[in-house]
4 protein chains.
Amino acid sequence: MPRTKGQFETIRKESRQKILDAALEVFAKQGYHSATVDAITKTAGISKGLMYNYFKSKEDVLQELMLGIMEALMCEYMPLKSEEKFTEDDIINFINVGIDLVLEKPHYWKLYFSVALQPEVMSIVFGKMMEMGQPYMIAMNEYFRDKGVENPEVMMRYFSAVMDGIQFHCMLDPKTFPAEEVKKLLIGQFI
Amino acid sequence: MPRTKGQFETIRKESRQKILDAALEVFAKQGYHSATVDAITKTAGISKGLMYNYFKSKEDVLQELMLGIMEALMCEYMPLKSEEKFTEDDIINFINVGIDLVLEKPHYWKLYFSVALQPEVMSIVFGKMMEMGQPYMIAMNEYFRDKGVENPEVMMRYFSAVMDGIQFHCMLDPKTFPAEEVKKLLIGQFI
Amino acid sequence: MPRTKGQFETIRKESRQKILDAALEVFAKQGYHSATVDAITKTAGISKGLMYNYFKSKEDVLQELMLGIMEALMCEYMPLKSEEKFTEDDIINFINVGIDLVLEKPHYWKLYFSVALQPEVMSIVFGKMMEMGQPYMIAMNEYFRDKGVENPEVMMRYFSAVMDGIQFHCMLDPKTFPAEEVKKLLIGQFI
Amino acid sequence: MPRTKGQFETIRKESRQKILDAALEVFAKQGYHSATVDAITKTAGISKGLMYNYFKSKEDVLQELMLGIMEALMCEYMPLKSEEKFTEDDIINFINVGIDLVLEKPHYWKLYFSVALQPEVMSIVFGKMMEMGQPYMIAMNEYFRDKGVENPEVMMRYFSAVMDGIQFHCMLDPKTFPAEEVKKLLIGQFI
DNA sequence: TATGAATGAGGATTCATTCAT
DNA sequence: AATGAATGAATCCTCATTCAT
């Protein structure tokens, strides 16, 4: 009995995901350029040819992966509420979750950062990234405005940069970075 | 009649520097792996072979480059005084210079950050980097201790992370990042 | 529908052998260092890349080739019987076959000798060679001991050297070397 | 005061010899192809450029070296007397000196043998070699004819081959090869 | 005569991608 | 859908040779 359309669909999705997971692992460990298609497919437990059934190219895998990661991160980071304005609790949550996520999924972040540093690759995802980040920027802007910060736009960018710096150090040295204490400092500063 | 030892020395130094300069440019623009030896030597205006008169390999070029950059940056950043303790003015200077350097020499920083993200490459220079950074860490630690900060070690790591985050954003978006305002925020926070 | 495991196995074996055959031809004609990978793969009628699917490097090809050749030669030379002692007939056979093989397969011998002269290359296969030759040495030793030779160890080494010398000249000048007459001289001397 | 012509001549000769000596050493250790001009000139203690003042090319160095070696070996081997016929003592001497020379100057022999195995290189010197060896062949032929050997030509080729085989083994394993005992066996056989 | 920086053609090796099955 | 053998362009690196001084 032939498989139903739904079954095929399921198989396809699973295979795709297996490949993306493997790619993430290998990209994070070796960097995009050093990672070979062979390593990715071996990690995924499939043949080289099959990868090209699901993705146009190695670059396509990266692109899909990045979009998926960004979506996942944003999703987990904080589901933006409709009012589009952050409360103090939102910011506290943002800080806590932001740091915890790095400690939990350093792979995601290594890839995110390493891609952001590779000019050619960056252009692939930069536009999309800005677009997705926009609502958060706005919400944060509002938060600082409400707090009576003199120049909320500047503060927002300052805050973003600070968070990225913390996450960067967290990612590079998750063992000894004093994450919990730093969270407190952040909360003290931005609330 | 052959050239004198000194003449050869000069020639060697100049060629070496030409290669390092070119490598910096190309690595920063394309990333280490995408940068071809051909691109580096063409940029330097020399033959491919000559590069191998001065460096064992492409990797060796990167290594030498990174060490050179780190030394240069540290030098300009702030010549560490013998007392090994930062004053308020030192910190203000550190902040100002730190941000200005990124705006002036984005190449250096792109390379610095991109290397930090590539595990294989990182391992080449990590040890040396830590060693060179050590005195600054200690001096900063002392500064915060003197200021009566409760946990100077944590504050020092927080400060490093914040500075890196600022520099990172500065580097990615030098056009619109509000560098001057952020400097003021930093000084307000850490002095 | 992919090929079966067995089909792939067959394909691999055939390609591998094609490469080894081609390598033998080219190495023997041009020597190891002058032989280019391009020449080998063109001779084998395959792409350059494929060689690296089957062998780690050009050196690896040489190594595998030498081991294969030595095994093949030993096999044809004389399947060593379990008693591990040569009879007169064995020695006669050894002499005849030893010379005939050179005339039939000069390539094998050119490679064998040329490798023996290249220190870097030699070290790759020397150990294996000694190991494989050991039983023959012992069997010959026994033969001379049984014949009442005063110093069988010396005679054995003498015999080996003489055979190699004959084979060497045979190989260099197969057209005019009086192989048949020399066989008779050898048999007269060592039986 | 400028040097006299004679002095220049002397300097030239010495430099040439220094290069040839160095080349011999390096060729024997690494083989012709693996030996770099750099290694040769460094060993000789001169600059790369200077080598090309004395020799057209690396191949030219090899050629000159081979001719020199052959002449030297032949010279030491046995100054052929005018009668052009070997006596028993000549043959004994030939055997003894032939083996001793290998033990004393393995470098010369390694080069001699290794060159003989490299087809392209061989053609350069083969003609010359035959020409120089001719008188010895003839003299040996005469010796065996006088001894009443049935087929002196065959015996002569047999003898040459045997000597080469002994020398080959001597060269490959000078430490354990029983040179003295083998000399006696040879003398017993061919006198 | 002597130097060694510079060249560039040539060779080994890698790896994303294709394709017959 | 799935396989992995096969391809070849791209890349790193070597080294004999040249040349300005």
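Chain identifiers are assigned alphabetically (A, B, ...) following the order of the sequence lines, protein sequences preceding nucleic acid strands; residue numbering begins at 1 within each chain. Excluded from the calculations below are hydrogen atoms, water molecules and symmetry mates; all remaining heavy atoms, backbone and side chain alike, are included. Remember, it's a predicted structure, so these values are computed and weren't measured experimentally.
Remark: C1' of E/dA12 and NE2 of D/H33 are 15 Å apart, rounded to the nearest angstrom. Note: CZ (A/F55) to P (F/dA1) measures 13 Å, nearest angstrom. One can place CZ of A/F27 at 12 Å from C1' of E/dA16, the figure rounded to the nearest angstrom. Rounded to a whole Å, the CD atom of B/Q7 is 19 Å from the P atom of E/dA2. For the pair A/D60 CG and E/dT17 C1', the computed distance is 13 Å after rounding to whole Å. One interatomic measurement links the two molecules: CG of C/N53 to C1' of E/dA16, which rounds to 13 Å at whole-angstrom precision. Between the P atom of E/dA6 and the CZ atom of B/R3 lies a distance of 8 Å, rounded to the nearest Å. As a whole-Å value, the separation of C/I46 CD1 from E/dT13 C1' is 14 Å.
Taking both residues in full, the closest heavy atoms of A/Y54 and A/R16 are given as O-NH1, 3.5 Å, listed atom of the first, atom of the second, then distance. Across all non-hydrogen atoms, the minimal contact from B/K48 to B/D38 is CE-OD1, 3.4 Å. Nearest heavy atoms, B/V61 versus B/L20: O-CD2, 4.1 Å. The nearest pair of heavy atoms linking A/A44 to A/I19 is CB-CA, 4.2 Å. The two residues C/Y52 and C/S57 make their nearest non-hydrogen contact at CE2-CA, 3.9 Å.
Sequence order on DNA chain F of the closest nucleotides to B/M51 and C/L50 puts C/L50 first from the 5' end. Both A/T36 and B/I11 lie near DNA chain E, and the one whose nearest nucleotide falls closer to the 5' end is B/I11. With the nearest nucleotide of DNA chain E identified for both C/D38 and B/K5, B/K5 has the one nearer the 5' end. Mapping C/E9 and B/V37 onto DNA chain F by nearest heavy atom places C/E9 at the nucleotide closer to the 5' end.
Picking from E/dT13, F/dG8, E/dA5 the nucleotide with the shortest atom distance to the side chain of C/S47 gives F/dG8.
The phosphate of E/dA6 has OP1 or OP2 within less than 4.0 Å of a side-chain N or O from B/S15. The phosphate of E/dA2 (OP1 or OP2) has a side-chain N or O of D/Y54 nearer than 4.0 angstrom. C/Y52 has no side-chain polar atom (N or O) that falls below the 4.0 Å cut-off from OP1 or OP2 of E/dT14. OP1 or OP2 of E/dA5 has at least one side-chain nitrogen or oxygen of B/R12 nearer than 4.0 Å. OP1 or OP2 of E/dA16 has at least one side-chain nitrogen or oxygen of A/K58 nearer than 4.0 Å.
You won't find any donor-acceptor pair under 3.5 Å spanning the side chain of A/K48 and the base of F/dT3, going by distance alone.
Using the Watson-Crick or G-U wobble rule with both distances under 3.5 Å, F/dA9 pairs with E/dT14. The partner of F/dT18 is E/dA5, judged by Watson-Crick or G-U wobble contacts that both fall below 3.5 Å.
Contact annotation for C/A35: backbone-only contact, meaning every heavy-atom pair under 4.0 Å involves sugar-phosphate atoms and none involves a base.
Both tests do not hold together for B/K110 against B/F27: distance to the six-membered ring centre under 6.0 Å, angle to the ring axis within 45°.
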